[in-house]
Amino acid sequence: MPTRHLKDGVNVYQTAGKKCKFFKLFRSRASSGTQCLFLHLGIMTCVHLLLTLVFAVSLGTPVEVHRPRGVPLSKKPFYEENKPFTCLDGSKTILFDQVNDDYCDCKDGSDEPGTAACPNGKFHCTNAGYKPTFIPSSRINDGICDCCDTTDEYNSGAKCENTCKELGRKEREVLQKMAEITKEGFLLKQQLIEEAKKGRGEKQSKVTEMQDNKKQLEEKVEALRTVKETAEQPEREAKERHLKAWEEQKAAIRLVKDKAKMAEAFLELDDNADGLVSVSELQSHAELDSDTDGTLSEAEAKGLMGGVEQVDTATFESVWENIKDKYHSESQPEEPAPVETPVDEVKEPVVDNESEPYPEDISEEEDEDDDDDDEYHEEDEKAPPTMKTPEKSQEDEEAMPPYEADTQVLIEAAQKARDDFEEAEKALREMDDQIRNIEKELSFDFGPNAEFTYLYSQCYELSTSEYIYRLCPFNRVSQKPKFGGSETNLGTWGSWSGPENNKYLSMKYEHGTGCWQGPNRSTTVKLTCGKETMLTSTSEPSRCEYLMEFITPAVCQEPSNIDLSAHGHTEL
Amino acid sequence: MAANSIERMGLLSVLCVSLFFSSTFAVDRGSFKTCDQSSFCKRQRTLKPGQSPYRALLDTLELSDSRLTLQLINDNNKVHLLLELYRLQGNMTRVKINELKPLKPRFEVPDVLIADPPTEPLSVLSQDDNGLVLSLGAESQRLIVSARPFRLDIMEGPEVLLSLNSRGLLAFEHLRLRKDTQAQPDGAEVKESTEADQQQAEGEKDEDGENDKDEDGLWDESFKAHADTKPNGPTSISLDFSLPGVEHVYGIPEHADNLKLKTTDGGDPYRLYNLDVFQYELYNPMALYGSVPVMIAHNTQRTMGIFWLNAAETWVDISSNTAGKTVFGKMLDFVQGSSETPQTDVRWISESGIIDVFIMLGPKPSDVFSQYASLTGTQSFPPLASLAYHQCRWNYNDQDDVKSVDEGFDQHDIPYDFIWLDIEHADGKRYFTWDPHKFPEPKEMLQGLMEKRRKMVAIVDPHIKVDSDYKIHNEITNKDFYVKNSDGRNYEGWCWPGNSGYPDFTNPEMRAWWASMFSYDQYEGSMENLFTWNDMNEPSVFNGPEITMHKDAIHGKWEHRDVHNIYGLYVQKATAEGQIQRSGGVERPFVLTRAFFAGSQRYGAVWTGDNAADWGHLKISIPMCLSLGLVGISFCGADVGGFFNNPSTELLVRWYQTGAYQPFFRAHAHLDTTRREPWLFGPENTALIREAIRQRYALLPYWYQLIYQAHTTGMPVMRPLWVDYPKETATFTIDDEFLIGRDLLVHPVTEEGSRGVTAYLPGAGEVWYDVHTFQKHNGAQNLYIPVTLSSIPVFQRGGSIIPRKDRIRRSSACMENDPYTLYVALSPKKFAEGELYIDDGHSFNYDTKSEFIHRKLTFANNSLTSRNLCPDCKFSTSSWVEKVVILGASKPRKVLLKVDGKETPVEFEFDASMSVLTLRKPGINAGMDWTILLQSQRNDL
C-alpha cells in the first residue's frame, strides 16, 4: 500500500471544535485488513491541509484559536509553530515536528498534549458550551468518550457525540436549582441561627432563673426537713409508749390464757378425775415423747413430772412448763403449719435470674420473660392472702389497739411534715434534672452559629426495603427491621467529623452494638445543604460502618459564591 | 446491611459459628482428620517397609505390541492382581494394578486424560525365573520386573532411576463380602459369588490384620458424629516409589507449605482431599481446597514426575536418607566416602480405586512438563483481560456501589479490568439470579462497565438452594441430577443458602444441562462481559464430615469416596463449557475455581482460597503458586491483601507489589473487613499501589505470550528458578523468589519493615538487569538489594527481549492498539532473543482460523530482527513499535531500519552511564518483518 492514508493519520492540530489536518503519518489500519506501513523518520515532510476547513463550520464559538491538539489556551504561547519546542520543565528542546508526533520526548509529557504517548500527559478538552477540563492523556483514543466535545477520541473509531451543550444546560439547571436551594436554605439557616440565639439566650436565662429558684427550693427543703424532724420526735415517743403499753398488756393476756390452758389440760389429763395427774395419765400423750421413739415411756413421763408419781393442780404448774410446747389438746384439731415461707424462697431466684442479664435491651424474648414475671407476681399476690387468712384472724385477736387520739394527732402532724418535705425534695430533684438537661444541651457544639441547635432532641427516619433507620442528631442512630426484630444501635453521638476546613459537614456516631466478629457499629452522617431537614440515604459501605446522607439548611453557604460558578467560565 | 446478620443468616450462621469461628485465628484442626483418624490411612501406615508379600506370576505374562500384562499374587491371602505396563510416547511409563477379578468394578478416573495416551512398542530383552527386562526405547532405558518379591525398577544404563515396591509397601485391599451376619447378603448372592471369591476365601483365613471383626473402620467408621457406612468395606491401595539420587521433590498441591516437600516421618503424610478449610494454617501437610496427585523429583542430572491418577482421599508419605543430616554430616559422608547415595522414598495411599501411575522420565524439567501436558492437557488460553487486574470484595453491595468503585478507579487513574460480585449479589444465594433490590438492573450495570471496556465476574457455586420456587432447583430435581444419599434420596447439606442440593457434576448429562444455563436467554441479566467464579466446589457442606460431602453419597454408579477430588474439576469444566457455548463457540471462557484436580488447568484459573491478611500468607503465596505451576496449573493467584482480617497498609502495598507479578492478580476481602479499595490509604499509598498495577499492565504482552506458551507447551508461567537452572543446586530450595517465564526474576518484598532483600541471581556467566534502574548484575550470586516501600525487585535476564506496552490505560482492552516498547537485555555475548504474540485477545480465532501474530525477536551481530514464527497465520494489528531500549549496549554511530530492502535512519539516544541505547520511534507495525542495524563506531572507516 502507498504511503497516503491521511484520513487515518493523526491530526496534530486543532482549532476549537474543528479538525485541522496537519499531516503526520505513521501507521494506520487499512480497511482492507492488510497493513500499511508509514514511517515517521525524524525530520519529515509535512502535508498541510490546514485552514481550508477552519471557517467552514461553526459550533457557536466566535473565535478560532490555532494551537496544537490538547493544549489549553493559557499554554498556547509555549507552542510556537515551526520553532523548536522546549519541554515545559525545560529539560529538553525538540523540533516542533516532534510535538504531538505520538512519541514522548519530554519527561513532563509536555510535548505530547494531544496523544497518549506520555504516561504523565494531560489533554485539554475545550468542551465549548460546558466546562473545559483536563483528562489524563491515557484517555486519548482509548475508545471511551471522555470529553463532551469528543476531541479525545479523534482516531479510535469510538462514536462519540458532542454532549457539551446538553451537559452545559443541565449543569446550569442544576446549579440554578442548587442556587435556589442554597439561597432559601441560607435564609432558613439565618432563621435557625436567630432561633438558636434566642433559644440559647432563653435557656441561659432560664437556667439562671432556675438556679435562683433552686436555691430557694434548697432552703425550703432544709426548712421542711427541720419541721419534719421536729414533728417526728414526739410522734416517735408517743408511738413507743403506745407500743410498750400494748406489749405489757399482751404479756398479761398471754399469762391468763396460759393459765386457762393449763387448767384445761389438767382436767383433760386427769382421766380419773381424782384431782391429780399421774405418770400413767401423762403417758397417754405420745406427742410428748422426748427421745423421738414414738412412745412416752414411764421414765420419760416421770422426768416430765419432775420425778414424782403424781401432781395436783398447784404442782402441775411446773409440769406444764415442761410439756406445753408439745402438748396437743384432745378436743382441738392440730393447728395447720404455716406454709408461706417456702413459697417465697422458691419464687424469687427464678424470676431474677431470667431478667437480669439483659437489663437494658428490650427484645421480644425479654418481653416474653416479662410476661412470665407478671404471672409469677400475680400468683404471688393472690396466694399469700389465702394462706395467711387463719394467721391473720389469729393475729387480729392480738392486734394492736388503735393509737389514742392524742398520739394520732402527733402522727398526722408528722406525716404532713414528711409529705411536705418529700414534695419539696422531689421538686428540687426535678429542678436539678431540668438544669442539668439544659446545661447539657448548652454544652453541645451546635455549629459556629448554633445553627444545628434545632436538630437537638429531634429524630429523622428513613425507610428502606428491609429496615427503618432513625437518626436522632446529637443522640443516636438506630436501625429496626421492618418485619419484626429488635432495634440495633448504630452508634451514639461522637463528634463532628468533617474535613479540616469545615468539620460541620459530617457527624460521627460511635460505639453502637458490637458486630459479630467485628467492630462496634458506627455511623457517619454527611450533611448537605437543603431546604428541608431530611435523611435522604443510608448505606453500609463497609461491614458495620454505616453512611447516611442528611440534608439540612444548617449547612447552606452564603449563596454569592455559587452564583459566580453558575455562569461558569467557558474557554474558547 | 449487617445489623442483624446473625439473625438473618439463621441456622446457617449458627453452624458457621460452631464450625468455623473460633476465638483465635487458626484452623480448627479438630474439624479435619489426621491419618490416624482416617481408618485406611492408619491401616496402611501400620504396614512398615519390608519383604513384599506380592509375587509376579511370570507364566501369566502377556505382551501385545504396546501392553504387557502380568498377574501378581499376594502370598498371604492368595488374591490375584493384574499388572499392566505401557510404554507411552514421550518417554513415559504407565503402571496399572487392579484386582484380577474384583467382586465388582473398581473406579478408574475418567475425564482427566485428554485422550488414551499413545503407546510405543515394548519389547522383552531377557527373561528368567527371577524376572524380565523390558526395553524402554533407545536411550538404554530398561524396565526390570522382579518376580519374588515383586518390584519394578526403571534403569538408564547402570543407574536406577526409580523403583516401585522396592520397600514392599504395595498393598491392595481387595473387595470382599462382609462376613459378620449383620451385612451378610442373602443366600442367592453368595452362591453367585465368583471363582475368585472362593479362591480368596481360602487365603483369607490366615490373612493377618485383615479380619473384619478384628479391626475398626473396615465396614463403617465415624468422625465427629458423622457416620460413613462403607458398604464396600475396605478398598484402599498403596504403593511405594524409591528415587535414588534424589533429594528434592516438589508438587502434590494444594498445601500451604514450602516449595520443596518435606519428609513426613514422625508426622502426618501430605494429604490430598479437597476441603474447605477455614483459616488455614501455614507450613503443614493438611489438605486444602484442591489436589493434583503429581510429584516432581529433581536433581542436577534429571527431572522426573510421578502422576498417581486417583481421585479418592490420598495421603503421600515422603522420607529421605539425608533429610536428618546436617551439612557437616553430609560433608563427613563425602570425606569418608560413605557409600550411601541420597535417596527419597515416597509412598502413596488412596482410599479406593485402582493403582494407575504415570512415570514421566524427563529428563529435563521442560520434558516433564510436556509429558504431563500430553496426558492431562495444558493451561487454557484465557482472555487477555483476565491477566490484568481484578477488583473483588465480599461484597460489592449494590449497583451504586459497583458504579462508585468503578469511578474510583478512574478518579485515581488506576487501571482495572474486572470487578467481582460475591454471593450477596444473588437473590437469596440462588445462583444465576440477582438480588432484586440491590441489583435490579444487572444489564444496565454490565452495559456501564462495557462502555468503560471493563468486565464483571459473578459467583456461581455448585450448592443449589432447595426451594420449589427456584427454577434451577426444580429443573435439577425434575431431571434427577442431584447427588444421592446411600438410601437413594437426594443428598442435602447446609451451605450459604441454607439447605442445599448438590448437582452430580460427574454426570455428563448434568454438565451439559448446567452449561446450557449460561446461555444469555437462560441466565437472566447476563451479557458477554459477565464471567464466572466457582467457589465452594470441594464441595463445601457446612454440616458434613470435614465440611464436605459424606463419602457414602452416591454419584450414579459410584460413591462420593471414589470421585471426591475430581468433583470440583467437573464444576469448572461444565461452567467453562457453558461460557463457550453461549458465544456459539467463538469466545474464550474465564472461570475461576477454588477446588481443582489434575487436568483443571484446561478450564481456567485457580486461587489459593481463603487466606489471611498477614505476612506469612503473603509469603506462602509464592510456593503455593509455584507448586501449582509445576503440575500444570499456571493461572494461579492468591487474594491480594489477604481474605480474612484487615491488612496493615504496608502489607497491602507489598501484596499488590507481589500480586502484580503473579499470574492471577485479584484483590479480595472478607465481608467483615473494612473497605480497602486502592485509594483508601492516603495519596502516597495510592501512588504505590497504582504503580504496582501499572507495572502489571505494562507487562501484559509478556504475560500473554507466556500463557500462550503454557497453553501450547505446558511450560509453567511462574516458575521456580531450578526449572531454568536445573544444574544449579543453590536454586533448588528457593521459594521466596521466582521466575516469570525464563526472562524475569522477581524477589518481592514479603517481610514487614524490610529495608533490603537478598535475591539469588542464577546463571554463572550470565547477567541480569534491574528493570527499574537498568543496572547490570552478574549471575550466580546473592545480591543484596536495599528497598524502600516503592521497591519491587525485578530483573530481566541478559539475553532476553521483552515487549511491553508502556502506555497504561484504564483497562487492557483500551490498550489493544497501543504501540510496543521492546526491552532488549543483552547477554555478555551481546545476544538476546524473545517473542511477540498478538491476537484479538478474546476469541478462539487464534485456534480455529490461525488469526494471530507470533514473531521471534533476535538481537545478534548488532542487528535486531523480527521474524515470523507462523507464516501461515493471518492477523493484522494496529500496534507498532514505538521504542526499542537496548540494555548493555555500546554507542552506535548510526542506526538503520531495514524494511523490504529499504533503509531509513532511526534517531537514538545513548546513556553511557548505564549503557542504555534508546531507539526513537522506529514506527514499524508490530506484525511486519524488519531489521534494525546498529552501525558501530568501529565500522566507521
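Model, not experiment: these values are computed from the prediction. Letters A, B, ... mirror the listed sequences (proteins, then strands); counts begin at 1.
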(request) List the steps and the verdict of side-chain contact (heavy atoms from CB on, under 4.5 Å) for A:Asp101 and B:Lys921. (result) CA-CA 10 Å; A:Asp101 71 339; B:Lys921 207 175 177 190; 3.8 Å; yes

(request) Could you look at A:Ala158 and say if it's the side chain, the backbone, both or neither that has a heavy atom under 4.5 Å from chain B? (result) neither

(message) Report which part of A:Asp146 has an atom under 4.5 Å of a heavy atom belonging to chain B: side chain, backbone, both, or neither.
(response) side chain

Looking at [atom1] of [X] and [atom2] of [Y], how far apart are the two atoms once the value is rounded to the nearest 0.5 Å?
X	Y	atom1	atom2	value
A:Arg139	B:Arg809	CZ	CZ	11.0 Å
B:Arg807	A:Cys118	CZ	SG	8.5 Å
A:Ile144	B:Arg810	CD1	CZ	4.0 Å
B:Glu907	A:Asp105	CD	CG	7.5 Å
A:Glu545	B:Arg675	CD	CZ	10.0 Å
B:Asp401	A:Ser539	CG	OG	8.0 Å

Sort [X] into side chain, backbone, both or neither according to what part of it lies under 4.5 angstrom from a heavy atom of chain A.
X	value
B:Thr821	neither
B:Thr673	backbone
B:Asp818	neither

(request) Say whether, by atom type as modelled, one donor and one acceptor occur between the side chain of B:Asp413 and the main chain of A:Pro136 under 3.5 angstrom. (result) no

Is the [atom1] atom of [X] crowded by more than 12 outside heavy atoms at less than 6.0 Å?
X	atom1	value
B:His412	NE2	yes
B:Lys403	NZ	no
B:Lys849	NZ	no
A:Lys526	NZ	no

(request) State, to 0.1 Å, how close A:Tyr103 and B:Glu882 come at their nearest heavy-atom pair, and which atoms those are. (result) CE1-O, 3.1 Å

(request) Identify which of A:Gly143, A:Cys145, A:Ser156, A:Ser138 forms the greatest number of heavy-atom pairs closer than 4.5 Å to chain B. (result) A:Ser138

(message) If you count heavy-atom pairs within less than 4.5 Å of chain B, which of A:Ser465, A:Gly512, A:Pro119 leads?
(response) A:Ser465

(message) Looking at B:Glu909 and A:Lys92, is any side-chain nitrogen of the basic one under 4.0 Å from a carboxylate oxygen of the acidic one?
(response) yes

(request) Tell me, out of B:Arg676, B:Arg453, B:Lys452, B:Glu451, who's got the most heavy-atom pairs with chain A below 4.5 Å. (result) B:Arg453

